[in-house]
Amino acid sequence: VHAATPQPVHRRNLVIMDPDWIEQIEAYLAGDLTEPDLREFARQQNITSVEEDIEWVRDAHTAVAMAGVRKQLNRLQSPSSREAKVRKMTPWSRIMAIAAGFLLLIFFYVVYAQMDGSGTTYQTFAYEDPGIPIQMSQSPNYRLFDALTYYSEGDYEETILQLQELQSDLPENDTLQYFLGASLLYEDQPVAARRAFEPILNTENPRFAERIQWLYVLTYLRADEPQGARTALQPILAQENHAFHDRAQALTNALD
Amino acid sequence: MTSTSYPTSVTDQELYEGIEREDNRAFRFLYEQYQERIAAMVQRNSGNAEDASDIFQEGVLALWTNIHRGRFELTDSARISTYLYALCRNIWISRLRRRKPDVELRDDLLEDDIPDQTEAMLETHDRIQTIEARMQDLNESCRNLLNMFYHQKTALREIAQQLGVTEKSAKNKKYRCMQQLRSLCTAAT
């Protein structure tokens, strides 16, 4: 039910956007409402700032996402790494760093030479999901978000323990299943990871949908099951705009 | 642990796609490859290490904003490194002039080779940054809800479940938060 009074309402110099109007704009931006329909709604509500309001809603969506990306960048940059990045290295310390890097390379080469081929392939195509911004510690599901905090800190062992405890309380939670599967994979438990991913392989959650398919492929690589990896690659290869399509193609070539 | 860095031979297209999907490895690549150059530019021009770090982050966010909004087109002549440098340089000039209106800028900061899309990209970024700043005036519950819905793209069903309310209530609350944000933005102008 929409107010019959003209919109937007001006109150103490503030423009109050009607929630129904925001909903209509979002439906239009999502492609669920045509422009003529949106304009007809605006006409009925006496809304004259159509372009301005559309632009604002679009900007607001980006602003919310940008706040999330800013937090992501802040996490990437610890205070110590910030200083390290702007400090010029002396030529001598640069040489030492290169030498140390070279020795490390030799070390890893020797280690990997003793591993089977699939381990190397896994490392080449590995993908580490950084996790999601954790802001919900006050929510009713704070235990889930506590677990995801461990995940974002790279403590996968603790994440697994916490998420497994929560599974019976949240049996159909795709966030839980996804991060449980990812943690199991990073903890070198590929078969268990696959079991965690399987119930949500067809999730419609856009945040996870493509990543799950790729991590699912990696569970086969990690378990040295190239045939399974080839099969799991097919849904990714079938979608040219899939975020992991290029990597899937490269992996197919590597497996061949 | 898995590898967390892009190889140094990453293409601009791969980097573009990495930034678009907010892949930490793409962001790390930007920091590893370009931060030192930007820091040097800022520090040569009256800035300190903290300024350099802030400007670089703002430049990366401006780049992300425009990729996210489809406002930055990758072409043979539009390299990501060129644009990142131009964005950081312009952001620093703008901040420096606000801080010290009579500051004398060095020649390297006034090079006349600003790529075509830079001004429009900064304009978009500034507008969005203003809304982002107003978000800090929302209560935590609104910020969380908007973040889950518009950034994490969490399904409404899941958000409702996490909040312990019906989907309809979660949806109404989201629109009320948007309404509040619009009011805050309007009040600030």
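Chain letters run A, B, ... following the sequence lines, proteins first, then strands; residues in each count from 1.
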Taking the six-membered ring for Trp, are Tyr83(B) and Phe72(B) closer than 6.0 Å centroid to centroid? yes
Arg211(A) bridged to Asp23(B) by N-O distance under 4.0 Å: no
Go through the steps to decide whether Trp92(B) and Ile38(B) satisfy the test side chain to side chain contact (heavy atoms under 4.5 Å, CB included), and finish with yes or no. CA-CA 10 Å; Trp92(B) 179 232; Ile38(B) 307 292; over 6 Å; no
If we define contacts as heavy-atom pairs under 4.5 Å, which of Val57(A), Asp174(A), Thr62(A) has the most with chain B? Thr62(A)
Out of Glu158(B), Gln161(B), Gln152(B), which one pairs with Thr175(A) under the side chain to side chain donor-acceptor pair (under 3.5 Å) rule? Glu158(B)
Chain A contact via Glu58(B) - which portion, at a heavy-atom distance below 4.5 Å: side chain
Aromatic ring proximity, centroids under 6.0 angstrom, Phe179(A) and Phe208(A): yes
To the nearest 0.5 angstrom, please state how far the CD atom of Gln57(B) sits from the CG atom of Asn74(A). 4.5 Å
Which pairs count as disulfide (SG to SG under 2.5 Å) when at least one residue sits in residues 128-161 of chain B, sequence neighbours excluded? Cys142(B)-Cys177(B)
Give a yes-or-no answer on whether the side chains of Gln45(A) and Asp18(A) include a donor-acceptor pair shorter than 3.5 Å. no
Aromatic contact, Tyr127(A) with Phe244(A) (centres under 6.0 Å): yes
Would you mind checking which part of Glu210(A) comes under 4.5 Å of any heavy atom in chain B, side chain (CB onward), backbone (N, CA, C, O), both or neither? neither
Between Asp129(A) and Tyr186(A), the two heavy atoms sitting closest are N-OH, 2.8 Å
Which region of Asp246(A), side chain (C-beta onward) or backbone (N, CA, C, O), has a non-hydrogen atom less than 4.5 Å from a non-hydrogen atom of chain B, or is it both or neither? side chain
Residue list, salt bridge (Lys or Arg N to Asp or Glu O under 4.0 Å) with Arg58(A), at least two apart or on another chain: Glu55(A)
Max heavy-atom pairs within cutoff under 4.5 Å with chain B, candidates Asp188(A), Leu218(A), Ile22(A), goes to Ile22(A)
Do any of residues 167-175 of chain B have a heavy atom less than 4.5 Å from a heavy atom of chain A, and if so, which, in residue order? Lys171(B), Lys174(B), Tyr175(B)
Of the listed Met178(B), Glu20(B), Arg69(B), the one with the largest count of heavy-atom pairs under 4.5 Å with chain A is Arg69(B)
Side-chain donor-acceptor contact under 3.5 Å, Glu26(A) with Tyr150(B): yes
Suppose a student defines contact as a heavy atom less than 4.5 Å from any heavy atom of chain A. Which residues in residues 132-139 of chain B would they list? Glu132(B), Met135(B)
Do you see a donor-acceptor pair shorter than 3.5 Å between the side chains of Glu14(B) and Thr11(B)? yes
Under 4.5 Å from any heavy atom of chain A - which part of Glu22(B): both
